Amino acid sequence: MTAPGVVIVGAGQAAAVAAHALREHGYRGRITMLGREPHKPYERPPLSKAVLVAPEEPSLDVFAQDVWALGDIDVQSSSEAIALDLSGQSVRLADGQVLPYDMCLLATGGEARALACAPAGRPHVHYVRTLDDARRLRAALQGQPQIAILGGGFLGLEIAHSALATGAAVTVIERAPSLLDRFLPPEASAWLESGLRQAGAHLLLGAVLERIDILPLGRMRLSTHAGALEADEVVVAIGLSPNDALARAAGLDVAEGGGVLVDAQCRTSDRNVFACGDCTSQQRPGYEAPMRLESWQNANEQARSAAAAMVGATAPAPAVPWFWTDQGRHNIQMLGLPAPGLEYVRRGDPATGKALWIGHRGGVPLHGVAINAGADLRAIRPLFEQGEPVLLDEFQRDAAELRAWAKQMRGGTPPTVQPPLTA
Ligand SMILES: Cc1cc2nc3c(=O)[nH]c(=O)nc-3n(C[C@H](O)[C@H](O)[C@H](O)COP(=O)(O)OP(=O)(O)OC[C@H]3O[C@@H](n4cnc5c(N)ncnc54)[C@H](O)[C@@H]3O)c2cc1C
């Protein structure tokens, strides 16, 4: 009889990369991947970008379709897992099937956080988490509607830019007084805000939604304490809830704020169950509390770590978090994590369309933000990995010198002390 092998619950980014990595590690057992969507694993980042604006829908495959057959990976689409039995080592599916496993990997991602007064499924209300969600919004944008976006986070703002590009009239309603103020230094936030206004968006900042009334012909009236507006379509982009219900019900440890609790190697509290991607909350070396990172890079890296741990190989240490977003024609990248009380030094000028901020504590770089300067940010990654104080004036050097300096630092050579340059 064939051994049950690995059952992967979820068929998104992390699931696909983990399955592939298992084969790369030489795992020869059965791999079954269960996805409740009707699609094979696909990339989500384009859903709020190219899928909404490109003349043709771009290819979204995480891997070419033949990879599944070549890798002997059984991808079962439209298959929802509804229960996990830790002691019996099995997964129960919505259709009644029970799949035994030797090892299980949870890669269930998350759900768009719901707003009670604008539930998913109501006509003209949109959430953008799945390909089908994005296709529905794309179709609605064809009519160049008036659109209200609830939430001025990265996702809401990407959708705002995309909707503007299709000719829609866009209002963004955000409860904070400035955009992305938890993630960006104030100068970068101000630059983002002015760019969005220049692109034609109407921003209601510091505005809390109070109610939505349905008007004739499906239009909606949104009332906030900072003013009211009417819209043909409403997009809700107020965050993500990790899909940890299966783990919770099975008795696995789940973090206080949500997310399947995993260690640095993506092991859960059960030795045969691993988890990776948006559904996790990871205890990372050097950080007191477990954290949830909802990003493409995190999904990929945790997937590789989980696969390594599952075959008993040494898993790479978690990398410094990296994230990108495209805001209209601008690319923003972030390295490390923001934290209260960081001081920022700036290189370049956002008015020229290119700038880099380094958030540091006592000269130790902890958070980098690049506007159209991702290559420069990536070049100085070693400085974030080292976690040691650096000479901040060195950041002002030109791109080639900056790279050479970071390379020198990576080699462990102390930096040459030179007179500070002006920006
Ligand atoms: C619109 C959008 C834009 C984004 N843009 C960026 C970006 O610019 N930069 C960036 O870094 N990140 C971006 N992200 C985030 C990135 O795509 C996610 O972090 C990544 O997809 C997480 O991968 P995952 O495999 O953990 O989860 P997912 O990709 O969500 O996959 C989880 C899958 O599991 C399935 N599933 C859940 N429960 C079950 C179950 N019980 N049984 C079977 N299947 C189940 C789900 O249906 C889903 O298909 C974006 C995300 C979205 C939605």
Side-chain angles (χ1 to χ4, degrees), residues 7-19 32-52 60 62 75-84 91-95 97 99 104-113 126-135 137-138 151 153-159 161-162 183 235-237 239-250 259-260 262 266 275-282 292-303 306 321-327 330-335 374:
V7 171
I8 302 180
V9 183
Q13 184 77 35
V17 173
T32 308
M33 192 190 293
L34 307 169
R36 70 177 166 206
E37 291 182 58
H39 312 288
K40 287 242 169 34
Y42 61 87
E43 302 262 0
R44 282 170 213 270
L47 299 184
S48 44
K49 309 173 185 80
V51 171
L52 299 182
L60 302 173
V62 176
V75 184
Q76 299 190 9
S77 304
S78 304
S79 283
E80 181 171 14
I82 56 166
L84 175 65
V91 173
R92 179 179 297 278
L93 307 190
D95 66 4
Q97 263 191 85
L99 287 184
C104 176
L105 176 64
L106 298 175
T108 47
E111 297 298 317
R113 197 172 291 152
H126 302 266
Y127 288 77
V128 184
R129 181 70 198 171
T130 67
L131 175 56
D132 295 343
D133 293 340
R135 285 178 174 162
L137 178 57
R138 179 188 165 98
F154 288 112
L155 181 62
L157 300 183
E158 282 189 352
I159 294 170
H161 276 289
S162 298
F183 301 98
V235 177
V236 184
L240 184 91
S241 305
N243 277 332
D244 56 17
L246 273 184
R248 232 177 244 280
V260 187
V262 292
C266 294
C276 57
D278 283 5
C279 69
T280 66
S281 188
Q282 188 173 38
R292 290 205 296 113
L293 296 172
E294 298 151 12
S295 74
W296 182 89
Q297 179 232 23
N298 181 61
N300 290 339
E301 288 189 348
Q302 285 193 348
W322 173 80
F323 172 81
W324 94 95
T325 172
D326 291 329
Q327 299 289 329
H330 298 293
N331 173 263
I332 300 180
Q333 299 191 19
M334 288 201 301
L335 195 58

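One-based numbering, in listed order, for ligands and for the atoms of each. Note that the structure is predicted; figures quoted are calculated from it, not measured.
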Report task. Would you confirm whether the ring centroid of Phe323 sits within less than 6.0 angstrom of the ring centroid of Phe183? Result -> no
Give every pair made of an N or O atom of ligand 1 and a protein N or O atom lying under 3.5 Å apart, one pair per line with both atom names and the distance to 0.1 Å, or write 'none'.
{"unit_1": "ligand 1", "atom_1": "5 (N)", "unit_2": "Lys49", "atom_2": "NZ", "d": "3.2"}
{"unit_1": "ligand 1", "atom_1": "8 (O)", "unit_2": "Lys49", "atom_2": "NZ", "d": "2.7"}
{"unit_1": "ligand 1", "atom_1": "8 (O)", "unit_2": "Trp324", "atom_2": "O", "d": "3.1"}
{"unit_1": "ligand 1", "atom_1": "9 (N)", "unit_2": "Trp324", "atom_2": "O", "d": "2.8"}
{"unit_1": "ligand 1", "atom_1": "11 (O)", "unit_2": "Trp296", "atom_2": "N", "d": "3.1"}
{"unit_1": "ligand 1", "atom_1": "12 (N)", "unit_2": "Trp296", "atom_2": "N", "d": "3.4"}
{"unit_1": "ligand 1", "atom_1": "19 (O)", "unit_2": "Asp278", "atom_2": "OD1", "d": "2.9"}
{"unit_1": "ligand 1", "atom_1": "19 (O)", "unit_2": "Asp278", "atom_2": "OD2", "d": "3.2"}
{"unit_1": "ligand 1", "atom_1": "19 (O)", "unit_2": "Ser295", "atom_2": "N", "d": "3.3"}
{"unit_1": "ligand 1", "atom_1": "19 (O)", "unit_2": "Ser295", "atom_2": "O", "d": "3.3"}
{"unit_1": "ligand 1", "atom_1": "25 (O)", "unit_2": "Gln13", "atom_2": "N", "d": "3.2"}
{"unit_1": "ligand 1", "atom_1": "25 (O)", "unit_2": "Ala14", "atom_2": "N", "d": "2.8"}
{"unit_1": "ligand 1", "atom_1": "26 (O)", "unit_2": "Asp278", "atom_2": "N", "d": "2.8"}
{"unit_1": "ligand 1", "atom_1": "29 (O)", "unit_2": "Arg44", "atom_2": "NE", "d": "2.7"}
{"unit_1": "ligand 1", "atom_1": "30 (O)", "unit_2": "Arg44", "atom_2": "NE", "d": "3.2"}
{"unit_1": "ligand 1", "atom_1": "30 (O)", "unit_2": "Arg129", "atom_2": "NH2", "d": "2.7"}
{"unit_1": "ligand 1", "atom_1": "41 (N)", "unit_2": "Ala81", "atom_2": "O", "d": "2.9"}
{"unit_1": "ligand 1", "atom_1": "42 (N)", "unit_2": "Ala81", "atom_2": "N", "d": "3.0"}
{"unit_1": "ligand 1", "atom_1": "44 (N)", "unit_2": "Arg36", "atom_2": "N", "d": "3.1"}
{"unit_1": "ligand 1", "atom_1": "47 (O)", "unit_2": "Glu37", "atom_2": "OE2", "d": "3.4"}
{"unit_1": "ligand 1", "atom_1": "49 (O)", "unit_2": "Glu37", "atom_2": "OE2", "d": "2.7"}
{"unit_1": "ligand 1", "atom_1": "49 (O)", "unit_2": "Arg44", "atom_2": "NH2", "d": "3.0"}

Query raised in the report: With Glu37, which residues qualify under side chain to side chain donor-acceptor pair (under 3.5 Å), at least two apart?
Result: Tyr42, Arg44
**Report entry** Considering all heavy atoms, the nearest Ala107-Ala14 contact
**Finding:** CB-CB, 4.2 Å
Query raised in the report: Do Ser79 and Arg36 have side-chain heavy atoms sitting under 4.5 Å apart?
Result: no
Report task. Mind checking the NE2-CG spacing from His126 to Leu137? Nearest 0.5 Å is all I need. Result -> 5.5 Å
Query raised in the report: Taking the side chain as C-beta and beyond, is there a heavy-atom pair between Leu293 and Gln282 under 4.5 Å?
Result: no
